[in-house]
Amino acid sequence: MIKAFIFDLDGVIVDTAKYHFQAWRRMANELGFDFSEKENEQLKGVSRMDSMNLILGWGGLELSEKDKVKWASQKNDWYVEAVDNMTPKEILPGVLPLLKDLRKKGYKIGLGSSSKNAVRALRKVRILSYFNTIIDGTKTTRSKPDPQVFQMGAKRLRLTPKECIVFEDAQSGVEAALTGGFYAVGIGDPKHLGKAHLVLSSFENTTIEAIIESIS
Ligand code: B16
Ligand code: MG
């Protein structure tokens, strides 16, 4: 029986994926190369330093650890600048009605994000109080596709993976949910998320009941 819903943040609740892309691209450009939206797809759900290493690989660049940390911090400053300008209008379509309905019907709500800026973003769009538990990049030691983030969330909620549905927009996140034994609902393009139990283009025009019915 489903008792909880665990949301990824970037690309599921808000479109911060575009801000990550812009900030990483700005860094790459300043270092003298560029990368595409297709390559960017591989960064979704991946931690800051793992993303850094992938991007430098695409540019054929090697940096010292010290320089990597410096550029990662610069990228984060650019990203945080964008997050700080966010408003509740940036909550993706259908998310708020779903959160309200979940709360009304007594389901637990969790956040399972790789981002160290997750709480900041939730606060900016004013939905922090909906979450019974928040597991983010400040609490995990292993990045998606490792299931740690969702396992920690289920444990905090005192539930088993099979009692939880995970919403994810990233390949790495869907993989993390499936490896951990969770139900995975992909939000976005079935081309990238085909392994999930169900893929929705958005939260619009769906209900909790319809989601539960189609995964079981
Ligand atoms: P930060 P999610 C992930 O968040 C993003 O998808 C990914 O692009 C980013 O690199 C990662 O968080 C770390 O973010 O640099 O803010 O700690 O999709 O798991 O909510
Ligand atoms: Mg995401």
Side-chain angles (χ1 to χ4, degrees), residues 1-17 44-45 88 90-170 172-188 193 195-200 202-216:
M1 199 175 116
I2 298 300
K3 295 183 179 159
F5 289 76
I6 304 179
F7 290 72
D8 168 53
L9 175 73
D10 290 328
V12 167
I13 293 177
V14 280
D15 188 14
T16 38
K44 292 185 176 174
E90 287 185 62
I91 299 172
L92 289 169
V95 172
L96 203 54
L98 183 67
L99 287 173
K100 287 185 173 158
D101 207 29
L102 287 171
R103 187 153 78 173
K104 194 173 98 196
K105 291 177 177 155
Y107 289 99
K108 294 273 182 253
I109 305 174
L111 189 87
S113 166
S114 303
S115 176
K116 293 189 161 95
N117 296 297
V119 170
R120 187 181 198 115
L122 289 178
R123 240 189 224 124
K124 280 314 283 185
V125 299
R126 304 211 192 99
I127 52 172
L128 186 63
S129 64
Y130 282 92
F131 292 85
N132 299 101
T133 187
I134 291 182
I135 307 293
D136 62 16
T138 64
K139 303 200 174 76
T140 53
T141 51
R142 298 188 299 275
S143 181
K144 299 169 188 173
D146 190 286
Q148 186 192 37
V149 66
F150 300 127
Q151 287 167 334
M152 287 173 80
K155 200 168 166 202
R156 283 264 202 99
L157 296 170
R158 296 175 196 279
L159 296 173
T160 64
K162 279 283 164 277
E163 293 174 311
C164 305
I165 292 180
V166 168
F167 293 124
E168 257 295 344
D169 71 313
S172 62
V174 166
E175 215 177 303
L178 295 177
T179 306
F182 294 82
Y183 289 106
V185 175
I187 307 296
L193 308 170
K195 286 189 193 152
H197 292 91
L198 167 71
V199 182
L200 301 171
S202 84
F203 287 115
E204 278 181 308
N205 308 318
T206 189
T207 61
I208 304 168
E209 293 73 24
I211 293 170
I212 293 177
E213 165 123 27
S214 31
I215 54 108
S216 44

Distance-only donor-acceptor pairs under 3.5 Å for side chains of residues 127-136, two or more places apart:
unit_1: N132; atom_1: OD1; unit_2: I109; atom_2: N; d: 2.7
unit_1: T133; atom_1: OG1; unit_2: R156; atom_2: NH1; d: 2.9
unit_1: D136; atom_1: OD1; unit_2: T138; atom_2: N; d: 2.9
unit_1: D136; atom_1: OD1; unit_2: T138; atom_2: OG1; d: 2.5

Indicate every side-chain donor-acceptor pair of residues 204-212 with a distance under 3.5 Å to a residue at least two apart or in another chain.
unit_1: T207; atom_1: OG1; unit_2: A210; atom_2: N; d: 3.0
unit_1: E209; atom_1: OE2; unit_2: K105; atom_2: NZ; d: 3.0

Looking only at non-hydrogen atoms, find the nearest pair between [X] and [Y] and report the distance.
X    : Y    : value
V199 : L193 : CG2-O, 3.4 Å
G181 : P161 : O-CB, 3.4 Å
P145 : T179 : O-OG1, 4.5 Å
S113 : A118 : OG-CB, 4.0 Å
G45  : A170 : N-CB, 4.2 Å

query = Which residues satisfy the side-chain contact (heavy atoms from CB on, under 4.5 Å) test with Q148, sequence neighbours excluded?
reply =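 Residues passing side-chain contact (heavy atoms from CB on, under 4.5 Å) with Q148: T140, T141, R142, D146, M152.
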Using the ring of Y183 (Phe, Tyr or Trp, six-membered ring only), decide whether K162 places NZ or CZ under 6.0 Å from its centre and within 45 degrees of its axis.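 Relative to the ring axis of Y183, which defines the angle, K162 lies inside both limits.
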| task | Find the distance between NZ (K44) and OG1 (T16) and round it off to the nearest 0.5 Å. | result |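 K44 atom NZ to T16 atom OG1 measures 10.0 Å (nearest 0.5 Å).
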**Q.** From CG (N117) to CG (L122), nearest 0.5 Å
**A.**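 Going from CG on N117 over to CG on L122, the span is 11.0 Å.
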Donor-acceptor contact below 3.5 Å, side chain H197 vs main chain A184: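 Flag set: sc H197 to bb A184 pair under 3.5 Å.
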Requested in this report: Decide side chain to side chain contact (heavy atoms under 4.5 Å, CB included) for I13 and L111; before the verdict, give the C-alpha distance in whole Å, the side-chain angles of both, and the deciding distance to 0.1 Å.
Outcome: CA-CA 10 Å; I13 293 177; L111 189 87; 3.7 Å; yes
Open item on the list: I want to check something: taking the side chain as every heavy atom from C-beta on, are F182 and E168 in contact at a cut-off of under 4.5 Å?
Closed with: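 Not in contact.
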F203 side chain reached by L92 side chain, heavy atoms, under 4.5 Å: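 No, every pair of side-chain atoms sits at 4.5 Å or beyond.
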Check: In chain order, what residues pass the side chain to side chain donor-acceptor pair (under 3.5 Å) check against D169, with sequence neighbours excluded?
Finding: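 Counting only residues at least two positions away or on another chain, D169 forms no side chain to side chain donor-acceptor pair (under 3.5 Å).
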Q.
I'd like to check the salt bridge (charged side-chain N to carboxylate O under 4.0 Å, His left out) partners of R103; sequence neighbours left out, ordered by chain and number.
A.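 Testing R103 for salt bridge (charged side-chain N to carboxylate O under 4.0 Å, His left out), a comparison that skips the adjacent residues, returns none.
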I'd like a table of donor-acceptor pairs (distance under 3.5 Å, sequence neighbours excluded) in which one partner is a side-chain atom from residues 1-9, with atom names and distances.
unit_1: K3; atom_1: NZ; unit_2: E163; atom_2: OE2; d: 3.0
unit_1: D8; atom_1: OD1; unit_2: K144; atom_2: NZ; d: 2.9

